Structure formats: structure tokens, C-alpha cells
Amino acid sequence: MLWSDPENEPPEELRETQAMVRRLGVLVALAMVLVMIVIGLG
């Protein structure tokens with residue numbers, strides 16, 4: 001954080017986007033684990 005940054009909250013759209021990106025990241029990570037398991041068993 002820079003000292004010049006305002007203290008106000010990010011806009012609602014930005015928070016929703018960040019939450020969606022976080023969820024997508026978790027889903028991608030789980031998918032990668034499943035693929036690794038399938039490759040390992042195969």
C-alpha cells in the first residue's frame with residue numbers, strides 16, 4: 001500500500017470480481033490435483 005492511497009473501500013464490482021477470481025483459482029487448483037491423480041493412476 002502506498003501512503004497516498006485513499007482509505008476508502010474498493011467498489012462493489014471490484015470486490016465481486018476479486019471473489020470470483022479467487023473461486024476460479026480454487027477450482028483450477030482442484031482440477032489440477034484431480035488431473036495429477038488420474039495421470040498417476042493411469
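Remember, it's a predicted structure, so these values are computed and weren't measured experimentally.
Grouped with Val38 in a hydrophobic cluster is no other residue, since no side-chain heavy-atom contact under 4.5 Å to another Ile, Leu, Val, Met, Phe, Trp or Tyr is found. The hydrophobic cluster containing Leu34, built from Ile/Leu/Val/Met/Phe/Trp/Tyr side-chain heavy atoms closer than 4.5 Å, comprises no other residue. If you chain together ILVMFWY residues whose side-chain heavy atoms come under 4.5 Å of each other, Leu24 ends up in a group of its own. Residue Leu30 belongs to a hydrophobic cluster whose other members are Val26, with links defined by side-chain heavy atoms closer than 4.5 Å.
Evaluation of the side chain to side chain donor-acceptor pair (under 3.5 Å) rule for Glu12 yields Arg15 as partners, not counting sequence neighbours. With sequence neighbours left out, the side-chain contact (heavy atoms from CB on, under 4.5 Å) criterion links Leu27 to no other residue.
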